[in-house]
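Below is one structure, written out as structure tokens; comments come after it.
Counting starts at 1 for both ligands and their atoms, following the listed order. These numbers were taken from a predicted model, which means no experiment stands behind them.
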Amino acid sequence: MALYSDKVMDHFRNPRNVGVIEDADGVGEVGNAKCGDIMKIYLKIDNDTITDVKFETFGCGSAIASSSMATELIMGKPVSEALKLTNKAVTEALDGLPAHKLHCSVLAEEAIKAALKDYYDKNGIEYDHTQFPDCASCGHCDV
Ligand code: FES
């Protein structure tokens with residue numbers, strides 16, 4: 001069996017929603033200290049719905065495919081639903097990732113959460129802080 005699914009290869013070769021939103025309502029940037037990959041997500045939010053999402057990823061093919069798939073999964077969704085996006089859902093939508101590449105999908109989940117947190121913070125919206133664990137309580141990237 002090929003290491004990467006057709007979907008991973010498709011999203012790597014033809015990534016969806018690449019770019020920048022200049023007047024974004026929320027921006028999230030995360031990195032993995034171990035592999036050095038960086039992911040940035042831009043969100044446009046109108047009436048509590050994600051009306052546009054773009055990403056910039058400096059990273060491996062799996063990180064690019066994960067970002068691309070994650071943006072497709074949250075496009076048009078309410079903020080509350082986007083918040084529930086897990087790396088598992090991203091991986092499943094990609095028909096799987098090799099075990100040593102699962103952290104690439106974690107980066108996509110974290111970047112979206114960081115952008116949503118930025119949106120909440122910028123707009124003074126109250127939220128449950130446990131939905132956004134800080135770095136100290138995560139440790140997946142072994143900083
Ligand atoms: Fe680190 Fe892919 S190798 S995000």
Please tabulate, for the side chains in residues 52-67, all donor-acceptor contacts under 3.5 angstrom to protein atoms that are two or more places apart in sequence or on a different chain.
residue	atom	partner	partner atom	Å
Glu56	OE1	Tyr42	OH	2.7
Thr57	OG1	Ser67	OG	2.7
Ser66	OG	Ser62	O	2.8
Ser67	OG	Ala63	O	2.6

*Is Arg16 salt-bridged to Asp10, going by a charged N under 4.0 Å from an acidic O?*
yes
*Environment of atom 2 (Fe) of ligand 1 in terms of protein N/O/S atoms, cut-off under 2.8 Å*: Cys60 SG, Cys104 SG
*Decide yes or no for Leu107 and His103: does some side-chain heavy atom of the first lie under 4.5 Å from some side-chain heavy atom of the second?*
no
*asked:* Would you say the rings of Tyr4 and Phe12 are close, in the sense that their centroids are separated by under 6.0 Å?
replied: no
*Where does the angle between the aromatic ring planes of Phe132 and Tyr127 fall among parallel (under 30°), tilted (30 to 60°) and perpendicular (over 60°)?*
perpendicular
*Lys113 versus Gln131: any side-chain heavy-atom pair under 4.5 Å?*
no
